[in-house]
Structure formats: C-alpha cells, structure tokens
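Contents: one structure, followed by commentary.
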There are 2 protein chains.
Amino acid sequence: MQPQRRTRAEMIEETRAKLVAAARIAFASQGFAHTSMDDFTAAAGLTRGALYHHFGNKEGLLLAVIEQIEAEVGDHLQAVSDAAPSPWEGFRRRCRTYLELALEPEIRRIILQDARAIFGDVPQAAQSVGIAALQTSLDGLIAEGVVAPLHTNVTARMIYGAVTEASFWIAEPEGDQEARLEQALEGLERLLGGLLIH
Amino acid sequence: MQPQRRTRAEMIEETRAKLVAAARIAFASQGFAHTSMDDFTAAAGLTRGALYHHFGNKEGLLLAVIEQIEAEVGDHLQAVSDAAPSPWEGFRRRCRTYLELALEPEIRRIILQDARAIFGDVPQAAQSVGIAALQTSLDGLIAEGVVAPLHTNVTARMIYGAVTEASFWIAEPEGDQEARLEQALEGLERLLGGLLIH
DNA sequence: TAATTGACATACATTTCGTACGTCAATTAA
DNA sequence: TTAATTGACGTACGAAATGTATGTCAATTA
C-alpha cells in the first residue's frame, strides 16, 4: 500500500511542476536574464537546491518551460486546424491563430525572445511545434493539388518567421493593435496566395 | 596649433571606436550574456571605466555595436539594390542579399539573437535598416504598378521575418548550406510572387 | 530492521556588474 | 605664461547572482 497520500514519484513530479510554473511566470514577466533563481524558487516554496537537482542549471529550466509552452501551443493549433472545413482553410486559420498567440506577452518574451537568444534557434529537441505542424499542413495541401510543390520545410519556417515578426509589430503598445492584426492578416494572405496553384 | 599628432576629440573617438570594435568581436563570438566587460576592454587596452563613461552600461555598448552593423548592412543592401536593372529585380536581390548576410555568424548572433532578446525588437532608434529599405522598395513597386497595393509596413516586416528565420535554418552546421540557400530562395520567390499583379 | 538511494537544503567560492571616487592631461581664461 | 576647470579614464569597492560541494532526512529495498 502507498504511504497515505501520494507516492514519492508523484511528489517529485509536483516539485518539478511547481518549479516550472514559478519559472514560467518569472521568465515571462522579467525576462530570463533578469530573473534571479532565488526569487522564484522561494516563491515556489523551494530553494535553488531543488532546481539544480532537477534541471542542472538555469538554461535547463528554461528548456523545460519552453517545452511546456510549446506543447500547449501545439495542442491549441491542432485543434483550430482540425475544426476547419477544408485543409486550406485550416492552414489559414492555423497561421492566424499563431499570430494571435504570439500577441501573448508570455509567448513573445519566452519563446520568441529569450529562447532564441539562449538556444540560437528554438531548440531542435522541442523543434518548434508551430513550424513542424505548418510543414505537415503544407505537405497535405500539395498532395491535394491545392498548393504547387515546393520545399515545405523552408517554406513553413519562412511563414513562421513572417508571422513571428509581424507579431512584434502588432504588439507594440501605442496605437490600435486590432487594426494592425488585420493589416498583418491581409499581408499574410497575399504572401500565402503565392503558394496556391492559380 | 594642435598638439603634435591628434586633437583631443579624435583620441576620444578612437577610444570609442576601439571599444565598439572589441565588443563587436566579443559579442559575436561569445554572445552578449557570456561576454565579460573586463575581458574585451582589456583586449582593447582599456578598462571598464572608459566603457561606462562613454556608453553608460553594457546594453548601451551593445546598442552602439548594433548601430554600426546596421549601418554597414544598410549600405551594402542599398548598393546591391541600386545596381539592379529593374525595381522588382532590385527588390529580389535585396532579399537574396539579406539572406546571405544573415548567414554571417556575427550578424545572426548580434542582430538576430541578442539584439532581439535585449531590446525586444530591433530597437526603433536604429529601426532595422533592412525592414525600412524593404518597405521603401515595396512602396516604389506599388507606385509603378508592379505590386498590388497593400500595407507595406507589415509586409516588409513579414518578408524580413521570413528571411531571418530561413537564415537560421540555412546556417545549421550539418548538411549542405548552399543547397538550403537555394531552397530558401525558391520558397521566397513563391511567397513574393503573391505580391505581384498577375 | 538495517542499508541505501536520492530529493532537497545550506553554505561557500567565484564571477561580474555598476558606482564612487581619484588622477592627470588638455583646453580655456586671465 | 600661468592658473583654473573640464572631462576622459583608471581604480577600488559593494552588491548581486550563479554554480558547487556537502549535509540531512525520508522513502524505498533487501
């Protein structure tokens, strides 16, 4: 029988989860570089000892946070894409949704700014879910004859890059974000139009 | 008459230039975060005292380095664009050249990774020369009726983002970089094709 | 019940940033 | 020509923050 409440593995998992959650909040609000490990480990009721034991160093923890966020984003995008009436429409909605997601400060700060600075690209391990899924979509569209054949790997990346860059512009504080989002979608529509078989 | 060799202002400018040059090398090779200010100031034959006097802090120095690089890149791109036989061709060559420039480790590391992490976007002050010039090109192409009207600001940014993201992929160490560059250019051609009046 | 593993805390050494202050040469004014 | 002042730059110090080494205690296993 198990000791009263939880098994040991469960408590360990809970510790890891608490650290990741606390780090996620801290990284998102202050940025990776300006976040002290003492601060948010204390906020989680732990010390840096636990952190180094589980994640090795500060970057290891950032990696865990990135993987968690990427998983959530991936699930969200997949759901949006699956709900669309056609593959091409699913592709468009996926791009649009990613654009909206990238407006969340947490994602911009952690994934688009800090992750790239620390790991160069979004790490291959958690190869950006956004890119991978875009590529899959493109492959399907080519198979169906909607999109003319091309190198889906680079193309997916370029679309990802375009959307990412646009999000920084849309997210600028002054002015009308909603209007900028619409303008970005128009521009994106035009660029994507170049992929279609005319 | 001036004291023998150089005036005071010249020596000051030389000091600034030495610091920027040393920092540029250090940032490019080790990254901003892992660069110790003591190390490269010593390499320049100076101390951190000079650095703080001229640039305020580490980020101020990074800003100066960014501005220097952006100016060089801008000049280079302008020359390439001007030499093209037609505006549309100039636009294409500009994109291509930027893609090639982004393959240089110095530019990827400092401009595409660290600058974004520290300043959010490439700082508005030195509003990315690449983006601004792309927008100007687009405006011209629309005026000539080559490109259908659109929001050139976002679109220029998205193209910049696409190219930037592609460069990370092309620059991956393993495999054939040249082949990837060609694939990226093909994909870029397709995306840009969506802008043309058909 | 004894032994061992490992999750986590604590204490310490090291590095690095930023600031305060000092110095000395170059410019300027008398 | 000389005295005064400015400012470029070095030096010394304090404050953090990271990583490591070590210790403890509970939970598993034999």
Side-chain angles (χ1 to χ4, degrees), chain A residues 1-65 114-115 117-119, chain B residues 1-65 114-115 117-119:
Chain A
M1 192 182 167
Q2 313 222 342
Q4 198 67 6
R5 291 292 176 76
R6 306 171 180 210
T7 178
R8 177 155 236 238
E10 282 173 345
M11 296 199 58
I12 293 170
E13 191 49 43
E14 188 183 326
T15 295
R16 284 181 60 101
K18 277 198 285 193
L19 285 172
V20 170
R24 182 168 167 170
I25 293 172
F27 291 163
S29 61
Q30 311 166 33
F32 179 76
H34 294 93
T35 295
S36 161
M37 305 172 83
D38 279 324
D39 291 345
F40 69 82
T41 48
L46 295 161
T47 68
R48 281 194 349 246
L51 195 158
Y52 279 98
H53 181 73
H54 285 292
F55 302 98
N57 58 24
K58 199 178 177 184
E59 294 185 1
L61 182 55
L62 175 61
L63 192 59
V65 170
D114 289 334
I118 305 296
F119 297 113
Chain B
M1 193 182 168
Q2 313 223 342
Q4 199 67 7
R5 291 292 176 77
R6 306 173 180 210
T7 178
R8 176 154 238 237
E10 282 175 345
M11 294 198 60
I12 293 170
E13 191 49 44
E14 187 182 327
T15 296
R16 284 181 60 100
K18 276 198 286 194
L19 284 172
V20 170
R24 182 169 167 169
I25 294 172
F27 291 163
S29 61
Q30 311 167 31
F32 179 77
H34 292 93
T35 295
S36 161
M37 305 172 83
D38 279 325
D39 291 346
F40 68 84
T41 49
L46 296 160
T47 69
R48 281 195 348 250
L51 195 158
Y52 279 99
H53 181 73
H54 285 292
F55 301 99
N57 56 25
K58 199 178 177 185
E59 294 185 2
L61 182 56
L62 175 60
L63 191 59
V65 170
D114 289 334
I118 304 295
F119 297 113

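Owing to the predicted nature of the structure, the values given are computational and were not obtained by experimental measurement. Labels below follow one simple rule: chain letters A, B, ... track the order of the sequence lines, proteins then strands, and each chain is numbered from 1.
Taking CD1 of B:Ile118 as the reference point, atom NZ of B:Lys58 lies at 8.0 Å (rounded to 0.5 Å). Between the CD1 atom in B:Ile12 and the NE2 atom in B:His53 there is a gap of 7.0 Å [rounded to 0.5 Å]. For the atom pair CZ of A:Arg16 and CG of A:Leu51, the computed distance is 10.5 Å after rounding to the nearest 0.5 Å.
Distance A:Glu59 CD to D:dT18 P: 12 Å, rounded to the nearest Å. Taking atom CD on B:Glu14 and atom C1' on D:dA8, their separation rounds to 14 Å, with Å as the unit. The nearest whole Å value for the distance from the CZ atom in A:Phe32 to the C1' atom in D:dA17 is 12 Å. What separates NZ of B:Lys18 from C1' of D:dA8 is a distance of 13 Å, to the nearest Å. Residue A:Asn57 contributes atom CG, which lies 14 Å from atom P of D:dA21 at whole-angstrom precision. Taking atom CG of residue A:Asp39 and atom P of nucleotide D:dA17, one finds them 6 Å apart after rounding to whole Å. What separates CE of A:Met11 from C1' of C:dC8 is a distance of 11 Å, to the nearest Å. Rounded to whole Å, atom P of D:dA8 lies 12 Å from atom CZ of B:Phe55.
Relative to the side chain of A:Asp38, the nucleotides C:dG18, D:dT18, D:dA8 differ in distance, and D:dT18 lies closest. Here C:dA7 is the nucleotide among C:dA9, D:dG7, C:dA7 with the atom lying nearest to any side-chain atom of A:His54. Listed candidates were D:dC9, D:dT18, C:dG18. Nearest to the side chain of B:Lys58 is C:dG18. Comparing C:dA9, D:dG10, D:dA8 by their nearest atom to the side chain of A:Ala50 picks out C:dA9. With D:dG19, D:dA8, D:dG10 as the choices, the nucleotide that has an atom nearest any side-chain atom of A:Arg48 turns out to be D:dG19. Closest approach to the B:Ser36 side chain among C:dT16, D:dC9, C:dC8 is made by C:dT16 (side chain taken as heavy atoms from C-beta onward).
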Next on the checklist: Before you tell me yes or no, could you show the steps for A:Phe32 and A:Val65 under side-chain contact (heavy atoms from CB on, under 4.5 Å), namely the whole-Å CA-CA distance, both residues' side-chain angles and the distance that decides it to 0.1 Å?
Outcome noted: CA-CA 11 Å; A:Phe32 179 76; A:Val65 170; over 6 Å; no
Item to check | Step-by-step side-chain contact (heavy atoms from CB on, under 4.5 Å) determination, B:Phe27 to B:Leu62 | outcome: CA-CA 8 Å; B:Phe27 291 163; B:Leu62 175 60; 3.9 Å; yes
Item to check | Verdict with supporting geometry, A:Leu63 and A:Phe119, side-chain contact (heavy atoms from CB on, under 4.5 Å) | outcome: CA-CA 9 Å; A:Leu63 192 59; A:Phe119 297 113; 4.1 Å; yes
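The side chain of B:His53 contributes an N or O atom lying less than 4.0 Å from OP1 or OP2 of D:dA8.
Pair assignment for D:dG14 gives C:dC17, based on Watson-Crick or G-U wobble hydrogen-bonding distances that are each under 3.5 Å. Shown here, D:dT29 forms a base pair with C:dA2; the pair counts as Watson-Crick or G-U wobble because both key distances fall under 3.5 Å.
Toward the 5′ end of DNA chain D lies the nearest nucleotide of B:Arg16, the other residue of the pair A:Ala33 and B:Arg16 mapping further downstream. In this structure, A:Tyr52 and B:Thr15 both approach DNA chain D, and ranking their closest nucleotides by distance from the 5' end singles out B:Thr15.
Across all strands shown, A:Leu46 has heavy atoms under 4.0 Å from sugar-phosphate atoms exclusively, and none from any base. A:Thr41 comes within 4.0 angstrom of no nucleic acid atom, judged by non-hydrogen atoms across all strands.
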